[in-house]
Amino acid sequence: MRQAGAYSGVTYWKTGPHSLPLARIKKIMKKSGEDVKMISAEAPIVFSKACELFIEELTKRSWMIAMQSKKRMLHKEDVASAILATDIFDFLIGLIFHETTTPAASAAGDLAESETMSIPVEMRPFLQS
């Protein structure tokens, strides 16, 4: 099998062509249900790429909101605003809002005053400023 060379257009990062750890993705996939016992070698690669594209899209939309506010640093409120402003991220609304309100939620007017932003533990390292 031929490997990608210097001129193939494939960029390699620390962990190879994937920037997310495949072993961790495989572990998460196995914990997703009791019926998941074996995972093909290609499945974590596909999930890795999908996660990279998801993170890139959410980051771009969050950055656009930060730039509109004339900020040069991305904050968790910008991510929350991007989620509220984009229909394809509606599935995340339940994950980030809990109990009381944030400035982003108040500006959107979509949530009650008793709701607040609660970032899952897994996402906190990505959103710290």
Side-chain angles (χ1 to χ4, degrees):
M1 178 176 199
R2 188 173 157 222
Q3 292 185 353
Y7 301 104
S8 67
V10 177
T11 57
Y12 286 90
W13 301 90
K14 292 178 185 175
T15 61
H18 321 288
S19 62
L20 298 175
L22 298 180
R24 184 164 298 170
I25 292 171
K26 193 170 184 177
K27 184 189 288 186
I28 292 169
M29 291 171 73
K30 284 186 176 181
K31 287 184 177 183
S32 68
E34 294 176 7
D35 54 335
V36 179
K37 292 185 170 95
M38 295 183 66
I39 299 168
S40 71
E42 297 86 11
I45 296 170
V46 172
F47 273 91
S48 174
K49 185 62 178 178
C51 289
E52 289 173 20
L53 294 173
F54 169 75
I55 292 167
E56 181 180 348
E57 183 66 23
L58 183 56
T59 303
K60 283 181 181 178
R61 290 177 187 260
S62 301
W63 183 247
M64 295 289 285
I65 289 173
M67 294 299 288
Q68 288 173 354
S69 302
K70 297 184 177 166
K71 293 189 280 186
R72 301 188 79 200
M73 184 179 288
L74 192 62
H75 296 280
K76 60 185 176 184
E77 292 83 13
D78 302 320
V79 176
S81 296
I83 290 170
L84 288 172
T86 308
D87 292 339
I88 61 172
F89 296 139
D90 282 349
F91 68 97
L92 294 173
I93 291 175
L95 291 175
I96 63 168
F97 294 104
H98 183 72
E99 293 179 17
T100 54
T101 239
T102 62
S106 298
D110 292 341
L111 301 171
E113 289 184 10
S114 64
E115 295 183 349
T116 190
M117 187 167 195
S118 174
I119 307 293
V121 176
E122 300 83 15
M123 292 298 291
R124 289 180 186 164
F126 300 111
L127 298 177
Q128 290 178 352
S129 54

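Residues take their numbers from the sequence shown, with the count starting at 1. The model shown is predicted, which means the values in this text are computed figures rather than measured ones.
A 6.0 Å sphere centred on CE of Met29 holds more than 12 heavy atoms belonging to other residues, nucleotides or ligands. The 12-atom threshold is not exceeded at NZ of Lys27, counting heavy atoms of other residues, nucleotides or ligands nearer than 6.0 Å.
In the hydrophobic clustering of ILVMFWY residues, with side-chain heavy atoms under 4.5 Å counting as a link, Leu58 and Phe91 come out together. A chain of hydrophobic side-chain contacts below 4.5 Å, direct or via other Ile, Leu, Val, Met, Phe, Trp or Tyr residues, connects Val36 to Phe47.
Here the closest non-hydrogen pair linking Lys71 and Met67 is O-SD, 3.8 Å. Across all their heavy atoms, Pro44 and Leu22 have their closest contact at O-CD2, 3.6 Å. Taking every heavy atom of both residues into account, Lys30 and Ile39 meet most closely at CG-CD1, 3.6 Å. Here the closest heavy-atom approach between residue Ala82 and residue Arg61 is recorded as CB-C, 3.9 Å.
To the nearest 0.5 Å, atoms CG (Leu92) and CG (Leu84) are separated by 10.0 Å. The OG atom of Ser69 sits 11.5 Å away from the CE atom of Met64 when rounded to the nearest 0.5 Å. A distance of 11.0 Å separates CD1 of Ile88 from CD1 of Ile83, quoted to the nearest 0.5 Å. Here the straight-line distance linking atom CZ of Arg72 with atom CH2 of Trp63 works out to 7.5 Å at 0.5 Å rounding. A distance of 13.5 Å separates OG of Ser48 from CD of Glu42, quoted to the nearest 0.5 Å. In this structure, Asp78 CG and Lys76 NZ are separated by 11.5 Å, a value rounded to the nearest 0.5 Å.
Side-chain N or O atoms of Ser81 include one that pairs as donor or acceptor with a backbone N or O of Glu77 at under 3.5 Å.
Annotation: side chain to side chain donor-acceptor pair (under 3.5 Å) contacts of Glu34 (sequence neighbours excluded): none.
Note on ring orientation: taking the six-membered ring where Trp is involved, the planes of Phe54 and Phe89 are perpendicular (angle over 60°, cut-offs 30° and 60°).
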